[in-house]
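We use all heavy atoms of the structure for the numbers below, so side chains are in, but hydrogens, waters and symmetry mates are not. So that the names make sense, note that chain A is the first sequence line, chain B the second, and so on, each numbered from 1.
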2 protein chains.
Amino acid sequence: MAKKQRELPDSCGLGPALAVIGGKWKALLLWQIHQAQPCRFGELKRLQPDISEKMLIQHLREMEADGIIHREVFHQVPPRVEYSATPEGAELDLALAPLAEWGKKHQERTEKAKVGAVRAVRTATEAAAPG
Amino acid sequence: MAKKQRELPDSCGLGPALAVIGGKWKALLLWQIHQAQPCRFGELKRLQPDISEKMLIQHLREMEADGIIHREVFHQVPPRVEYSATPEGAELDLALAPLAEWGKKHQERTEKAKVGAVRAVRTATEAAAPG
DNA sequence: ACAAGTACAGACAAAAAAGTAAGGTACTTA
DNA sequence: TAAGTACCTTACTTTTTTGTCTGTACTTGT
């Protein structure tokens, strides 16, 4: 694997899975690459403007080393590189789906409290300054 | 959520999920708590001897704040605290199963290369110092 | 008296991850 | 000649995460 990273303990297979997908942007990148294959570097950058080029290339290289994405260079000018998901990457993306589902549900649940609080505040504000 | 942590970008629900389960030992802890409910602090420590007490309590508290485990204190001497999975925690554990599956498969795949190398080295060693 | 067990808390340090900023190539367009 | 595009690379800094160590309050066993 590409970099020395925090070693995840393992007893049930989650260790290696999280080692592969645990980076800050990796899940997102895999998802986007899997959606819009093949994807170019600049395309990914545009889709995710907040990621720095360094992190982008670093994550892409690690994911390539982990065998979940494929990198293909076209010797052209200007240079052109395409990224796509390997079969393993595609499988991983599918395995991630239930987790994403849970995440969405949990997000809604935990936001209800917030929304409630916001509504209460807004109501009070509107009562104080109506119209 | 319990602590300020690196903010995960989100577009598909994976952000919040990984924020909840992303710690080094969290998935493992959830899995063990879900297996052997209810679990005491010392029990978890014994099950996972490599985790420090600080990380154990820290992760437990964060998971409690995220609503995936429940903490119950019995006012006894010596103190007694029991941890169990909430319904949401149980759901999360289930959602994690496909990922664990993938991890196991991927681990086997990537270890084939290593096993080959190890066998070669061992054979050489045994040839040098047999018996 | 002293060690051992329970479930933590807090200060501090080390390690890992992520970010910033600058540069580099090889070619095109103005 | 300068600026622009695409795809990186490197050095350096900051932030986040994890680990180590010490200490608490109380009881039981020797």
Side-chain angles (χ1 to χ4, degrees), chain A residues 1-10 15 18-29 32-33 38-66 69-84, chain B residues 1-10 15 18-29 32-33 38-66 69-84:
Chain A
M1 285 162 197
K3 283 212 105 184
K4 191 198 298 182
Q5 54 192 334
R6 77 174 171 208
E7 246 174 78
L8 287 152
D10 185 39
L18 289 175
V20 164
I21 209 66
K24 179 163 173 182
W25 311 86
K26 282 186 183 173
L28 212 48
L29 288 174
Q32 285 180 337
I33 291 174
C39 249
R40 296 184 59 179
F41 181 89
E43 222 171 320
L44 291 167
K45 210 173 70 177
R46 255 167 277 131
L47 283 167
Q48 215 54 47
D50 286 344
I51 188 171
S52 67
E53 292 195 349
K54 182 203 151 189
M55 287 316 294
L56 181 50
I57 189 75
Q58 188 176 306
H59 278 167
L60 288 172
R61 287 289 160 91
E62 287 173 18
M63 292 164 80
E64 189 196 355
D66 286 334
I69 64 173
H70 172 72
R71 178 167 177 272
E72 188 151 15
V73 185
F74 298 82
H75 295 284
Q76 302 178 352
V77 160
R80 169 190 180 79
V81 182
E82 284 185 356
Y83 296 91
S84 51
Chain B
M1 289 168 190
K3 284 212 106 184
K4 193 196 302 182
Q5 54 193 333
R6 76 174 170 208
E7 244 172 79
L8 288 151
D10 185 39
L18 290 174
V20 165
I21 208 66
K24 179 162 173 184
W25 311 85
K26 282 186 183 173
L28 211 50
L29 287 174
Q32 285 179 336
I33 291 174
C39 250
R40 298 186 56 180
F41 181 89
E43 222 171 321
L44 292 166
K45 210 173 72 180
R46 255 168 273 128
L47 283 166
Q48 216 55 46
D50 286 345
I51 189 173
S52 69
E53 293 194 352
K54 184 202 151 187
M55 288 316 295
L56 181 49
I57 190 73
Q58 188 176 306
H59 278 168
L60 287 171
R61 288 288 160 91
E62 287 173 17
M63 292 164 81
E64 190 197 354
D66 286 334
I69 63 172
H70 171 72
R71 180 169 174 268
E72 188 151 13
V73 185
F74 298 82
H75 294 284
Q76 301 175 352
V77 160
R80 170 190 181 80
V81 182
E82 284 184 356
Y83 296 91
S84 50

- Query: In the 5'-to-3' direction, what one-character label does each nucleotide of nucleotides 6-12 of chain D receive under the scheme B = base within less than 4.0 Å of a protein heavy atom, S = sugar-phosphate only, - = no such atom?
  - Reply: BSBBBB-
- Quick one: list whatever passes side chain to side chain contact (heavy atoms under 4.5 Å, CB included) with Leu60(B), sequence neighbours left out. Ile33(B), Phe41(B), Leu44(B), Leu56(B), Ile69(B), Tyr83(B)
- Query: Whole-Å distance between dT27(D) P and Gln76(B) CD?
  - Reply: 13 Å
- Query: Roughly, in whole Å, what's the span from CD in Gln58(B) to P in dA9(C)?
  - Reply: 11 Å
- Message: Over all strands shown, is His59(B) touching base, sugar-phosphate only, or nothing at heavy-atom distances under 4.0 angstrom?
- Response: sugar-phosphate
- Message: Measuring from atom CG of Leu29(B) to atom CE of Met55(B), what distance do you get when rounded to the nearest 0.5 angstrom?
- Response: 9.5 Å
- Task: Rounding to 10 degrees, work out the angle separating the end axes of the helix from dA1(C)-dT30(D) to dA30(C)-dT1(D) (five pairs an end).
- Result: 20°
- Message: Distance check needed: dT18(D) C1' versus Glu62(B) CD, whole Å only.
- Response: 11 Å
- Interatomic distance where CE belongs to Met55(B) and C1' belongs to dG10(C) [whole Å]: 15 Å
- Kindly write out the residues that satisfy side chain to side chain donor-acceptor pair (under 3.5 Å) with Glu82(B), not counting sequence neighbours, or none if the list is empty. Arg80(B)
- Take atom CG of Leu18(A) and atom P of dA16(C), then tell me their distance rounded to the nearest Å. 18 Å
- Might you work through the side-chain contact (heavy atoms from CB on, under 4.5 Å) test for His70(A) and Glu72(A), ending with a clear yes or no? CA-CA 7 Å; His70(A) 172 72; Glu72(A) 188 151 15; 3.8 Å; yes
- Task: Please list, chain by chain and in numerical order, all residues satisfying side chain to side chain donor-acceptor pair (under 3.5 Å) with Gln48(A), sequence neighbours excluded.
- Result: Gln32(A)
- To the nearest 0.5 Å, atom OG of Ser52(A) lies from atom CH2 of Trp25(A) at 8.0 Å
- To the nearest 0.5 Å, how far apart are NE2 in His59(A) and CD in Glu64(A)? 14.5 Å
- Over how many whole Å does the gap from Ile21(A) atom CD1 to dA17(C) atom P extend? 15 Å
- Residues passing the salt bridge (Lys or Arg N to Asp or Glu O under 4.0 Å) test with Lys45(B), sequence neighbours excluded, are Glu53(B)
- Message: Any heavy-atom pair between the side chains of Leu18(B) and Leu18(A) that's under 4.5 Å?
- Response: yes
- To the nearest Å, give me how far apart CG (Leu29(B)) and C1' (dT18(D)) are. 14 Å
- Item | Gap between atoms CG and P, on Leu56(B) and dT6(C) respectively (whole Å) | 13 Å
